[in-house]
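A short write-up of the structure that comes next.
Source: prediction; values computed, not measured.
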Number of protein chains: 2
Amino acid sequence: MHSFVSKPIVDTGELLKKSKLKDTQPRRMVLEALAKINMPVSPYGIQKWLLKKNTELNAVTIYRILHAFNSACIVHRHPCSGHFALCTLPEQKGHHGFLHCHSCGLTEEFCSPALCTLEHGIAKKAGFDLENHMNEISGLCKHCKS
Amino acid sequence: MHSFVSKPIVDTGELLKKSKLKDTQPRRMVLEALAKINMPVSPYGIQKWLLKKNTELNAVTIYRILHAFNSACIVHRHPCSGHFALCTLPEQKGHHGFLHCHSCGLTEEFCSPALCTLEHGIAKKAGFDLENHMNEISGLCKHCKS
DNA sequence: ATTGCAAATGCAATATTATTGCATGAACAA
DNA sequence: TTGTTCATGCAATAATATTGCATTTGCAAT
């Protein structure tokens, strides 16, 4: 399992402020965990990480916090795994997709307007009003190929 | 919850033969359930459906059967829900995506070479060797819009 | 048809993930 | 500082998923 840092350090306090959610201790704890883990992680994974740091947080609370963060778009839920990660493209509007390395677990976010347009077209042709779309690409990242 | 039939009737025996998996009673039961339910359904959902028909099947067995079917590409697993459905585009090669109506639950499969190409490009640019990609579009289907 | 082996299934146990209702406590605006 | 609203803790439970091992079954070779 490789490990490398490819993401900017996050000011979790700033993130919380931006989200306009209440600033609470548990929310800061979850944000810090997400920032430090720096990889998609399950709610119970966050709980375990916090335990190792000698702090506790109720699993239900973690679920609720992640749900709130997801609605506020400061985290994303990765549907294939049910894991969560901080949104790393804070300034971009529109749809985000994910690239996932099944070897080292590295997950990068991407934003592709072309893909977005294409999927709107597919939906339209089928008579659907598109409300959400989800893309997850998995494979071997550049580090693991070698 | 609307209901309508938009898919061809499936010869489950034929499907099994095509898959080259062993022809067993439990597998036929699962295939029949998937064909009759005609909508993505969870493993336990299949078990409940079978119970209503006065037949039983171990949940573990259902999981294993679905896994085998998935590997043989005669069913698809819908990642966002963890539900399974028969593959309805048997002749098409390559990537399949899904359109899902969050109102009536209708789920259609689609195949878009353009989308496939685009995602390969995204992966390449990020240095990934693409091995799998998953697309789920959700919204309101034409029936539910009106 | 019969046999033998590999593969599939059943069963039991358990892990993981997720949700709900209600009582208590904390944040923050007035 | 107070009051209301929202967040959290706790307890219970549901739903989803996996593993190991014993037994049975499909099916190919004879």
Return the [atom1] to [atom2] distance between [X] and [Y], rounded to the nearest 0.5 Å.
{"X": "A:Leu34", "Y": "A:Met39", "atom1": "CG", "atom2": "CE", "result": "12.5 Å"}
{"X": "B:His96", "Y": "B:Ser112", "atom1": "NE2", "atom2": "OG", "result": "11.0 Å"}
{"X": "B:Leu140", "Y": "B:Leu106", "atom1": "CG", "atom2": "CG", "result": "11.0 Å"}
{"X": "A:Ile46", "Y": "A:Leu57", "atom1": "CD1", "atom2": "CG", "result": "9.0 Å"}

- Return the residues of residues 45-67 of chain A meeting this criterion: a heavy atom under 4.0 Å from some atom of DNA chain C. Order them by number, or give none. A:Val60, A:Tyr63, A:Arg64
- Could you list by number each residue of residues 22-30 of chain A showing a heavy-atom separation from DNA chain C of less than 4.0 Å, or answer none if no residue does? A:Lys22, A:Asp23, A:Thr24
- Task: List the steps, then state whether ring pair (Phe, Tyr, Trp, His ring centres under 6.0 Å) holds for A:Tyr63 with A:Tyr44.
- Result: CA-CA 9 Å; A:Tyr63 271 91; A:Tyr44 283 99; 5.8 Å; yes
- Test ring pair (Phe, Tyr, Trp, His ring centres under 6.0 Å) on A:His78 and A:His100 and set out the steps. CA-CA 10 Å; A:His78 295 240; A:His100 175 78; 7.7 Å; no
- Taking atom NZ of A:Lys145 as the centre, report whether more than 12 heavy atoms of other residues, nucleotides or ligands fall under 6.0 Å from it.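 Yes, NZ of A:Lys145 has more than 12 neighbouring heavy atoms, counting only those of other groups under 6.0 Å.
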- Using chain A heavy atoms and a threshold of under 4.0 Å, write down where along DNA chain C the contacts begin and end, 5' to 3'.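 Range of nucleotides within reach of chain A: C:dT17 to C:dC28.
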- Identify the residue among A:Arg64, A:Glu32, A:Lys22 that makes a side chain to side chain contact (heavy atoms under 4.5 Å, CB included) with A:Arg27. A:Lys22
- Using the closest heavy atom to pick a nucleotide of DNA chain D for each, name whichever of B:Leu21 or A:Leu21 lands nearer the 5' end. A:Leu21
- Message: Could you check whether B:His76 and B:Glu109, counting side-chain N and O atoms only, form a donor-acceptor pair closer than 3.5 Å?
- Response: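 Yes.
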- Are the charged groups of B:Arg28 and B:Asp23 less than 4.0 angstrom apart, N to O?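 Yes, charged N to carboxylate O under 4.0 Å.
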